[in-house]
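Here the structure comes first, spelled out in structure tokens, and everything after it is commentary.
Counting from 1, the numbers follow the sequence of the chain as shown. Fair warning: this is a prediction, and the values are worked out from it, not measured in the lab.
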Amino acid sequence: MEVLYNSTRNNGIQVKASEAVLKGLSADGGLFVPDHIPALDKGLKELSGMTYQEVAYEVMKLYLTDFTEKELKDCIAKAYDGKFDTEVIAPLVSADGAYYLELFHGATIAFKDMALSILPHLMITSAKKNQVKNEIVILTATSGDTGKAALAGFAGVEGTKIIVFYPKNGVSPIQERQMVTQKGDNTYVVGIHGNFDDAQTGVKKLFADTELGERMNRQGFQFSSANSINIGRLVPQIVYYVYAYARLLAEGKIAEGDKVNVVVPTGNFGNILAAFYAKNMGLPIGKLICASNDNKVLYDFFRTGVYDRNREFVLTSSPSMDILISSNLERLIYRIAGNDAKKNEELMKALAGEGKYEITDEMKSRLEDFYGNYATEKEAAETIKELYEKTGYVIDTHTAVAASVYRKYEEETKDGAPAVIASTASPFKFTRSVMNAIDGKYDRMTDFELVDELSALANVPVPAAIEEIRTAPVLHDHVCPKEEMKKTVEAFLGIE
């Protein structure tokens, strides 16, 4: 059955999958959501005998219904290849009573690679399917990881340009160095004076700027997005939850039909939303455990039903979660509102205007799949240290937030179901915070001395993504006020 995509703000807007991938964001500012969540059409036992690439096809074919089998399999083959440093793509590691789903074995050592390795191929295929002649300009805001993963995915891809905005003082030194050393004539990286929410808001404004869109079109350009607001990002993320369950089944860790809890360190809400979609496809997931850092806007939302971004923005050691406007939550709000675009639009207008909204009791009752909690900086650091001392396994700061929250969930609920913790970044991406958590003596070392020390400590080779930026020259040094993002885009594209 064909899956079509509706805007979360106007039920009258409906497009095919390839159009939703191309557009990224609906013209009315809404996000594209499937008109129904398809059920898995292969049994769990059958899926447990498949490779990552085969599972990817079985999941993605159900959502990208206007792609041919050949088109989709070609995209998957180009995405999940030798650029991942492990054959299984997303390994599961058992440590201290939980299963860590390592989503950081791609080119930029963060979970964003799982979707951004395939998005350029989905987008180019979509452009051909829809006879698009314009050059596609990928416009993206990043809190650290999306930027580099998108740059790596689109660099050198014919018919595209990519512009990434990031908060100048809001990412780790390694994250920034990964972005500013990016090669490719079609890439452009800009630091803004502001935080991630400022970058994300600025990007959304540019998408909604019809006058700019018309000028771009006249000069042969059109915008699309590589952020998790693009359904072409969200669909590939569903795959790894299905794959993780299939692996646990194949290895005899669970029996078919056993429920597994999923724990996700959460910022923009796309990663945990993908797990929610997987559950609604029939995957036996129990609780969806939403882990926040000190920017605990989502924890407060799940506890009270009020989403309120009017609070201090906290810079933490888990910067990809330093977010007060979780864009993908809109997709969930639309669903728990009974797919009522008008109600969702009212709430989003309140968020844009007053900075907060409150859902109804009926909507709140539809959030029972979720459990929300948060970990402080101290708690996350303690978790890194304790897990290392107990098992020798080293996790990054974001994964530590998830592991810390999972402990709280276990203590509160006594739920003994197996847990899969989404391990969203390599500890090599946040070496200073990770090594300081293990022992304060490491703070005297330089960033790359820390890399080598971590490698020795964890008995893990330094990832290629880190080795290649040790001596790479800085190629992007542009910085602008958040108010000048539009001028910056116009200058890069040469638009008058």
Side-chain angles (χ1 to χ4, degrees), residues 85-86 88-106 108-114 143-145 172 174-175 240-241 244 247 261-267 271-272 275 289-294 316-322 373-410 418-440 442 447 450-463 465-466:
D85 65 17
T86 171
V88 295
I89 307 298
L92 273 169
V93 175
S94 177
D96 197 26
Y99 297 100
Y100 288 82
L101 179 61
E102 293 188 343
L103 300 171
F104 54 75
H105 288 279
T108 74
I109 59 176
F111 84 99
K112 308 292 173 79
D113 290 324
M114 300 299 292
S143 54
D145 286 338
S172 80
I174 295 284
Q175 284 178 313
Y240 44 74
Y241 295 111
R247 290 316 308 150
N261 294 324
V262 172
V263 192
V264 187
T266 307
N271 205 3
I272 197 165
I289 299 168
C290 179
S292 299
N293 64 15
D294 282 317
T316 74
S317 62
S318 46
S320 297
M321 300 164 66
D322 292 346
N373 213 322
Y374 74 102
T376 64
E377 286 284 270
K378 184 170 180 284
E379 288 169 333
E382 285 169 355
T383 299
I384 292 171
K385 182 180 175 70
E386 287 168 20
L387 187 64
Y388 169 69
E389 289 178 346
K390 198 170 181 181
T391 68
Y393 187 55
V394 181
I395 55 174
D396 91 292
T397 47
H398 303 73
T399 309
V401 169
S404 183
V405 165
Y406 175 57
R407 284 183 192 173
K408 293 181 182 183
Y409 172 78
E410 274 190 309
V420 171
I421 296 176
S423 186
T424 52
S426 165
F428 285 95
K429 207 153 191 174
F430 304 95
T431 45
R432 188 164 301 279
S433 296
V434 169
M435 296 299 279
N436 277 346
I438 292 170
D439 193 325
Y442 294 117
D447 287 319
L450 286 168
V451 163
D452 294 327
E453 192 69 21
L454 174 57
S455 176
L457 199 74
N459 198 24
V460 174
V462 176
I466 299 295

Please examine the side chains of [Y] and [X], heavy atoms only from C-beta on, and report whether any two atoms are closer than 4.5 Å.
X	Y	result
Thr316	Met321	no
Val420	Asn261	no
Leu101	Tyr240	yes
Phe428	Phe104	no
Val394	Leu454	yes

Task: Residues Asp396 and Thr399: side-chain donor-acceptor under 3.5 angstrom - done: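 Looking only at side-chain atoms, Thr399 and Asp396 do form a donor-acceptor pair, the distance falling under 3.5 Å.
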
Quick one: [atom1] on [X] to [atom2] on [Y], what's the gap to the nearest 0.5 Å?
X	Y	atom1	atom2	answer
Leu457	Asp452	CG	CG	12.5 Å
Leu92	Ile421	CG	CD1	11.0 Å
Ser292	Asn373	OG	CG	8.5 Å
Lys390	Asp96	NZ	CG	3.5 Å
Ile395	Glu102	CD1	CD	10.5 Å
Thr424	Ile109	OG1	CD1	12.0 Å

So which heavy atom on [X] is nearest to which on [Y], and how close?
X	Y	value
Ala291	Ala402	CB-CA, 3.7 Å
Ala90	Met114	CB-CE, 4.0 Å
Ser426	Pro463	OG-CG, 4.3 Å

Task: Tyr393 and Tyr100 aromatic centres sub-6.0 Å - done: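 Distance test on ring centres: under 6.0 Å, yes.
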
Open item on the list: Tell me if the aromatic rings of Phe430 and His398 count as close, with their centers under 6.0 Å from one another.
Closed with: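 Yes - the distance between ring centres of Phe430 and His398 falls below the 6.0 Å cut-off.
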
Open item on the list: So if I apply the side-chain contact (heavy atoms from CB on, under 4.5 Å) rule between Thr397 and each of Ser433, Ser320, Pro427, which one comes out positive?
Closed with: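 Between Thr397 and the candidates, side-chain contact (heavy atoms from CB on, under 4.5 Å) is satisfied uniquely by Ser433.
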
Hey, is the main chain of [Y] close enough, under 3.5 Å, to the side chain of [X] for a donor-acceptor pair?
X	Y	value
Asn293	Ser318	yes
Glu377	Ser317	yes
Thr391	Leu387	yes

- [ ] Name all residues meeting the salt bridge (charged side-chain N to carboxylate O under 4.0 Å, His left out) criterion together with Asp145; count only those two or more places apart in sequence or in a different chain, and write none if there are none.
- [x]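 With sequence neighbours excluded, Asp145 shows a salt bridge (charged side-chain N to carboxylate O under 4.0 Å, His left out) to Lys429, given in chain and number order.
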
- [ ] Please report the C-alpha distance between Leu450 and Tyr442 in whole Å, then the side-chain angles of each, then the deciding distance to 0.1 Å, and finally whether the side chain to side chain contact (heavy atoms under 4.5 Å, CB included) criterion is met.
- [x] CA-CA 7 Å; Leu450 286 168; Tyr442 294 117; 3.7 Å; yes

Please name all residues satisfying side chain to side chain donor-acceptor pair (under 3.5 Å) with [X], sequence neighbours left out, ordered by chain then number.
X	answer
Glu379	Thr376, Lys408
Tyr99	none
Glu453	none
Arg432	Asp443, Asp447

Task: Residues forming a side-chain contact (heavy atoms from CB on, under 4.5 Å) with Val88, sequence neighbours excluded - done: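 Val88 satisfies side-chain contact (heavy atoms from CB on, under 4.5 Å) with Thr86, Pro91, Tyr243 only.
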
Task: Worked verdict on Tyr241 versus Val262 for side chain to side chain contact (heavy atoms under 4.5 Å, CB included) - done: CA-CA 8 Å; Tyr241 295 111; Val262 172; 3.6 Å; yes

Task: Asp439 and Tyr388: CA distance, side-chain angles, deciding distance, side chain to side chain donor-acceptor pair (under 3.5 Å) verdict - done: CA-CA 11 Å; Asp439 193 325; Tyr388 169 69; over 6 Å; no

Task: Carboxylate-amine/guanidinium proximity below 4.0 Å for Arg407 and Glu382 - done: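 Salt bridge absent between Arg407 and Glu382.
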
Open item on the list: Test side chain to side chain contact (heavy atoms under 4.5 Å, CB included) on Ile289 and Val264; report intermediate values, then the result.
Closed with: CA-CA 6 Å; Ile289 299 168; Val264 187; over 6 Å; no

